[in-house]
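This report refers to the structure that appears directly beneath it.
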Amino acid sequence: MPKVATFRANSVIYFQGDASDRIFILQSGQVSLNYSDIETGKEVHDLIQTGEFFGVKSSLGKYPREDNALVLQDAQVLVLTVPEFEQLAMSNTRIILKMLKVFSNQLRRIHKQVENLLEKQEAASAEVGLFSTGEYYLRNRMYSQATYVLGRYLTYYPAGKLADRAGKLLEVAESAFMKYGDGKGPAPAMGGGGAAPPARATKQEAAKPAQGQTLSDTAKEYYNAVSLFSQEKFQDAFKEFKRIAESGEDPEYVPKAAFDMGRTLFMLGQYDIVIRHYTQMVQSMPKHPDLLDILFFLGQSYEKKGDTERAKGFYKKILSMEPDEDAATHMKSRRALKKLEGGGNG
Amino acid sequence: MADLSTFARFAKIYQPGEIIFSEYEPGDAFYLIQSGSVRITKIVGDLEKTIDILLPPEIFGEMAILEGAPRSATAVSVNQVKVLELNRANFEVLMMGNPQIALRLLRLFTKRIYDQRRRFMILTLDDPQAKIADVFLMLDETETAVGNEGESSERREFKVTLEDVAHWAGMSVAEVQTILGHFQNQRRIEVFPDRIAVKNINDFIRFVNTKRKKA
């Protein structure tokens, strides 16, 4: 049972540095929590209100007291052990919620203070950090992790200074994942390495390391178009892809280019044409290796047009299919579906 | 465990090895593990370090309740993991109905406030040697709290690496190495591959106190 204790004026309920195992509620009198502000070093006096808890943080967090609890006027306090406090709180969730709010404010404040200090010391921003994290995973051939992180980079920083490189590395990661699976395959071609972005898309180097020197002309044209795409020169890329797809010469690059035509159109915001193009492709090439991505782009296009029902249908279709070829598309679809369904609730 | 059946619509399943969120990614959700285990990692230098492995009913990613601050670590599913994904909007409803979870979060917050405050105090020391000594004091304070109190010896051992110390002190690994080497020469510490021993913790307490301004 919680006990009532009486403290005389000028006595101290606990000292800074004391082990913390009791929580107090002030019932009458005056108690001040004294400590020096960690930022300014100035002495701070926080007066406790009647009915207010004190000593909660250090007791729950199991660390030494951070302040002196000084009695200013004879005080009566209710003394609780941690289990007693927890029992009380469990029967009155409002107490916890109120404290959560107070603590989260304190946490936000101290977090900001630490950030400010660190910012002076660490140059690396979140943007660079996210990119480097993706790069790390790719270097270590953790392709699905790299795909996730680089994809996030492009989501959050579509026009970021590393977006171009992130896009290229993402392609490397995706194709290496499809080709070799996580943890396997040769060391991925990371491109520039330093600050200078590589001139060309590196996807093909990773995917076809052995054929590097014997690329056909169509292949070269195709890679050139991929490069244009990753430089966001979508109009030019589209023209190239279209030419390759319509030439019908190369059995390997025609379907690839046909697929890329669609995603280039998507980037150009031509959602109706994307839908027409990919719908036709699904019918004419039902075994296309990028089928899942095609379905995803169809979903995305319908979503862009505001047809969420059709969009959901495509995402669900993807999730019902075998994920082994490209787990990333499943991941993306699940998220997209979640977003659409979540949006309906809130 | 609390009755969470009404929160089924927030449930998410992750396959083994799937990233739940990545370090540096902005976040607005936090997670409650219902089944499976989650590895919390950070890339330090050129190594992915496991910081923690979490099991049901632990909470992670809770800093996101505060603001869309970038994630400070990566969360990856170890096996098939089922989590409840929560955000500011549904958080209060969940807490009202599940005081146990609210209490767990409250405890987590107290710990975080302490960590951050302590980190702040370390970072504001001017003397690099004092910074590092204070990292050990901080580690000691939390370890003391979990029941080493009876220990009469002034010697303390910490399962930390150079990178950990560098992280807490906000210094480079090279700087930390130099200073630890210096402490070692003074026979104040011993460095092992998996741990660092402080020979006399009170010596460090005195040392840091002389360097802390305005105390």
Side-chain angles (χ1 to χ4, degrees), chain A residues 19-20 36 38-42 56-64 66 86 89-94 96-97 99-100 103-104 106-108 110-111 113-115 117-118 121-122 126-134 136-137 139-140 142 144-145 148-149 152 156 182 327 331 334 338 345-346, chain B residues 9-10 12-13 15 17-19 21-26 43 46 48 63 65-67 69-71 74 76 85 89-92 95-100 102-103 105-121 123-124 141-142 144-146 149 170-171 212-215:
Chain A
S20 320
S36 51
I38 54 170
E39 197 163 22
T40 61
K42 283 210 182 86
V56 178
K57 245 185 308 174
S58 49
S59 301
L60 285 185
K62 299 181 186 171
Y63 47 83
E66 293 179 315
E86 292 184 343
M90 293 278 284
S91 63
N92 190 348
T93 317
R94 293 245 164 245
I96 314 181
L97 272 182
M99 287 187 175
L100 275 175
F103 288 179
S104 80
Q106 294 183 1
L107 190 48
R108 184 180 298 150
I110 180 71
H111 203 246
Q113 288 173 314
V114 171
E115 294 256 288
L117 276 183
L118 284 176
Q121 307 183 357
E122 285 169 21
E127 183 186 340
V128 175
L130 194 58
F131 176 82
S132 315
T133 305
Y136 169 88
Y137 283 127
R139 202 162 50 236
N140 289 279
M142 297 161 79
S144 49
Q145 282 91 341
Y148 172 87
V149 177
R152 297 313 265 178
Y156 292 115
D182 267 333
M331 244 187 270
R334 207 175 303 131
K338 189 103 210 168
N345 290 332
Chain B
R9 65 201 158 106
F10 304 124
K12 283 186 88 170
I13 307 270
Q15 299 308 320
E18 206 176 324
I19 293 190
F21 55 73
S22 165
E23 192 177 352
Y24 298 107
E25 182 183 335
I43 294 169
D46 205 27
E48 187 181 24
M63 287 299 289
I65 310 168
L66 304 183
E67 50 205 303
R71 303 282 188 188
T74 299
V76 194
E85 187 184 66
N90 53 35
F91 155 76
E92 200 156 320
M95 294 298 141
M96 282 308 287
N98 298 276
Q100 276 155 308
L103 205 51
L105 195 63
L106 193 66
R107 254 189 249 118
L108 204 57
F109 273 21
T110 63
K111 177 89 179 73
R112 286 269 181 278
I113 292 173
Y114 170 80
D115 286 349
Q116 293 290 327
R117 277 181 61 89
R118 213 49 195 85
R119 184 146 195 228
F120 187 87
M121 290 170 74
L123 293 172
T124 46
E141 281 158 29
T142 35
T144 303
V146 294
E149 250 166 302
M171 293 162 74
R212 181 157 281 135
K213 301 179 289 189
K214 311 156 190 167

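Just so it is clear: chains get the letters A, B, ... in the order the sequence lines come, proteins before strands, and each one is counted from 1. For clarity, every value in this text was computed on a predicted model and none was experimentally measured. Excluded from the calculations below are hydrogen atoms, water molecules and symmetry mates; all remaining heavy atoms, backbone and side chain alike, are included.
Heavy-atom distances place no part of A:F131 under 4.5 Å from chain B, backbone and side chain included. Proximity to chain B (any heavy atom under 4.5 Å) is shown, for A:L100, by both the backbone and the side chain. Looking at B:E48, the atoms closer than 4.5 Å to chain A (heavy atoms on both sides) sit in the backbone and in the side chain alike. For B:I43, the part lying near chain A is the side chain, with the backbone staying farther off; criterion is any non-hydrogen pair under 4.5 Å. Heavy-atom distances place both the backbone and the side chain of B:M95 under 4.5 Å from chain A.
Two residues are said to be in side-chain contact when any heavy atoms from C-beta on lie closer than 4.5 Å; A:V114 and B:L123 meet this criterion. The closest side-chain heavy-atom distance from B:T74 to A:Y148 is not below 4.5 Å. Looking at A:V149 and B:Y24, their side chains never come closer than 4.5 Å, going by heavy atoms from C-beta outward. Counting heavy atoms from C-beta on, the side chains of B:Q15 and A:M331 never come closer than 4.5 Å.
In this structure, the separation between NE2 on A:H111 and CZ on B:F120 is 13.0 Å, given to the nearest 0.5 Å. How far CZ of B:R118 is from CD of A:E66: 9.0 Å, rounded to the nearest 0.5 Å. The distance from the CG atom of B:L103 to the CG atom of A:L60 is 7.0 Å, given to the nearest 0.5 Å. The CG atom of A:L107 sits 6.5 Å away from the CD atom of B:Q116 when rounded to the nearest 0.5 Å. To the nearest 0.5 Å, atom OH of residue B:Y114 and atom CD1 of residue A:I110 are 12.0 Å apart. For the atom pair CZ (B:R107) and NZ (A:K62), the distance works out to 7.5 Å, reported to the nearest 0.5 Å.
Residues passing the side chain to side chain donor-acceptor pair (under 3.5 Å) test with A:R139, sequence neighbours excluded: B:D46. Every residue two or more places apart in sequence or in another chain was checked for a salt bridge (charged side-chain N to carboxylate O under 4.0 Å, His left out) with B:R71, and none qualifies.
Comparing B:M96, B:E85, B:R112 by heavy-atom pairs within less than 4.5 Å of chain A, the highest count is held by B:M96.
Nearest approach of A:L130 to B:S22, heavy atoms of both residues: CD1-OG, 3.6 Å. Counting all heavy atoms, side chain and backbone alike, A:Q145 lies closest to B:G17 at NE2-O, 3.2 Å. Of all non-hydrogen atoms in B:I113 and A:F103, the two that sit nearest each other are CD1-O, 3.5 Å.
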Determine, step by step, whether A:Y136 and B:E23 satisfy the side-chain hydrogen bond (donor to acceptor under 3.5 Å, both in side chains) criterion, reporting the C-alpha distance in whole Å, the side-chain angles of both residues, the deciding distance to 0.1 Å, and the verdict.
CA-CA 12 Å; A:Y136 169 88; B:E23 192 177 352; over 6 Å; no

